[in-house]
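Structure, as structure tokens:
The chains referred to below are lettered A, B, ... by the order of the sequence lines, with proteins before strands, and numbering in each begins at 1. The analysis underlying the following values was restricted to heavy atoms, covering all of them including side chains, and did not include hydrogens, waters or symmetry mates.
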Protein chains: 2
Amino acid sequence: MQNKKLKSPAMSTLGDIIRRARQAKGWSQRDLSARTHMPQAQISRIENADVDPQVSTLIELARALELELQLIPKSALTAVEATVRSTKARSDERAFQSLMAELMRAAEQAHAMTPDREDIASLLSSLRDLQPLTPALRAGALMGDLMSVQTLLHGFLTYPPAERPRHTQPIRDAAQRLKDLRKMLAHAPAGERPAYSLDDED
Amino acid sequence: MQNKKLKSPAMSTLGDIIRRARQAKGWSQRDLSARTHMPQAQISRIENADVDPQVSTLIELARALELELQLIPKSALTAVEATVRSTKARSDERAFQSLMAELMRAAEQAHAMTPDREDIASLLSSLRDLQPLTPALRAGALMGDLMSVQTLLHGFLTYPPAERPRHTQPIRDAAQRLKDLRKMLAHAPAGERPAYSLDDED
DNA sequence: CTCGGTGATGCCGTTATCTATATCACTTGC
DNA sequence: GCAAGTGATATAGATAACGGCATCACCGAG
């Protein structure tokens, strides 16, 4: 790696994969550094392909990120990639269903406690509208918004009732955001690839 | 990698994978060295895990061996391994069928040229017996023997007729060897795992 | 037995990673 | 505004890979 600055901007390097995996876990470089007893500076250099790391270093990073270094025969590569995609889609779907179920429970509980608040009622109805959306329509979006709704509802339910009015505006905003999102997703270009089906490769 | 000599003897390291891939191609360390402009000494050290190579080094070796370095999510690992196994089994089966077809042609041609030679006749019948064996019964064996039969037949067919008696004993041996193999494989422990089926993981 | 090919090992000089530490510019939230 | 967290970058020293070259023991074929 003689050239530190001439990196291909389009290609997806190993560093990019590490970075994406780290971000998918919501970790900072320092978080990952703590879990690997490896300096944050080194992680930065690796993600930016400023260094050509040793295999043991890469393996240590991968292990912390629940990845495994594998040498795949080129002939099996497309099948393997399809397998990884399909596995990921399945686990994403499980995560969505689980989070959505929890949110529905929380929203219904909040609604029962404060039936007169229309921000809560609106949020609940937004969630009800979102639930039947197929994975193909969601296509990876939406998860982040749901997670912020989660912290929102959690705050509403756990803080003392006197604090509740403080949540009104954020909840109103979140409900509107979800309504907009649903509209956008439902009217997305129709013929898109499913991006996830119960098929199997080969 | 502070300890150069304390390597786990059971675990399959990256070096082992490189070595197996190289041997599967029938290459010596110097062959691989020539294709990677990398010293043979370095390859030896990597295969024996005497060094902790840089990622670029590993990638270069992998490229020459038609392997691809991949970071696989642990959750997808078993599915991916199944995919690789199944892909390999399929390509092995193709290779076997193709080689077997060529051998049948060659043996029949040789038999037609010299109908009185019973060594050739015996070899032909051995091949005919082997052909219907299922992949599960063969289970990876047999391929090496067929390849030596290939060079044998090729020699018999291309050298001048005067040289043909010289092949008699090797051909006789090969035919016997194949007969023994067939007997062994056909009487192998019955309930063995198929090792290859048209299934799909997950 | 000799010869060619195999893989393993040693040495050396160059270059690089890596650890440790500190600092930088930038963004986010209070 | 300040403070905290983010990722990128610098420096210095210890360690190690790497290329090049040489050599070694082993082994199967002629």
Roughly, in whole Å, what's the span from [atom1] in [X] to [atom2] in [N]?
{"X": "D50(A)", "N": "dC18(C)", "atom1": "CG", "atom2": "P", "answer": "12 Å"}
{"X": "L32(A)", "N": "dG5(D)", "atom1": "CG", "atom2": "C1'", "answer": "16 Å"}
{"X": "M38(B)", "N": "dC21(D)", "atom1": "CE", "atom2": "C1'", "answer": "17 Å"}
{"X": "W27(A)", "N": "dT6(D)", "atom1": "CH2", "atom2": "P", "answer": "14 Å"}
{"X": "E60(A)", "N": "dT17(C)", "atom1": "CD", "atom2": "P", "answer": "17 Å"}
{"X": "L61(A)", "N": "dC18(C)", "atom1": "CG", "atom2": "C1'", "answer": "12 Å"}
{"X": "D52(A)", "N": "dA17(D)", "atom1": "CG", "atom2": "P", "answer": "13 Å"}
{"X": "I43(B)", "N": "dT9(C)", "atom1": "CD1", "atom2": "P", "answer": "15 Å"}

Tell me whether the OP1 or OP2 atom of [N] has a side-chain N or O from [X] closer than 4.0 Å.
{"X": "S28(A)", "N": "dT6(D)", "value": "yes"}
{"X": "T57(B)", "N": "dC18(D)", "value": "yes"}
{"X": "R19(B)", "N": "dA8(C)", "value": "yes"}
{"X": "Q42(B)", "N": "dG19(D)", "value": "no"}
{"X": "N48(B)", "N": "dA8(C)", "value": "yes"}

Sugar-phosphate only, base, or nothing, as touched by Q40(A) at under 4.0 Å among non-hydrogen atoms: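 Counting heavy atoms under 4.0 Å across all strands, the contact made by Q40(A) includes a base.
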
What nucleotide, of dA8(C), dT6(D), dT19(C), holds the atom closest to the side chain of D31(A)?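 From the listed options, dT6(D) comes nearest.
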
Select one nucleotide: of dG7(C), dC18(D), dT21(C), the one nearest the side-chain heavy atoms of A41(A).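 In terms of side-chain proximity for A41(A), the closest of dG7(C), dC18(D), dT21(C) is dT21(C).
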
Under 3.5 Å, is there any donor-acceptor pair linking the side chain of R30(A) to the base of dG5(D)? no

Looking at Q54(A) and dA17(D), is any side-chain donor or acceptor paired with a base atom of the opposite kind under 3.5 Å? no

Over 12 non-hydrogen atoms of neighbours within 6.0 angstrom of [atom1] in [X]:
{"X": "R177(A)", "atom1": "CZ", "result": "no"}
{"X": "K179(A)", "atom1": "NZ", "result": "yes"}
{"X": "Q97(A)", "atom1": "CD", "result": "yes"}
{"X": "Q150(A)", "atom1": "CD", "result": "yes"}
{"X": "M147(B)", "atom1": "CE", "result": "no"}

Using the closest heavy atom to pick a nucleotide of DNA chain C for each, name whichever of R45(B) or R22(B) lands nearer the 5' end.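 The residue closer to the strand's 5' end, by nearest nucleotide, is R22(B).
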
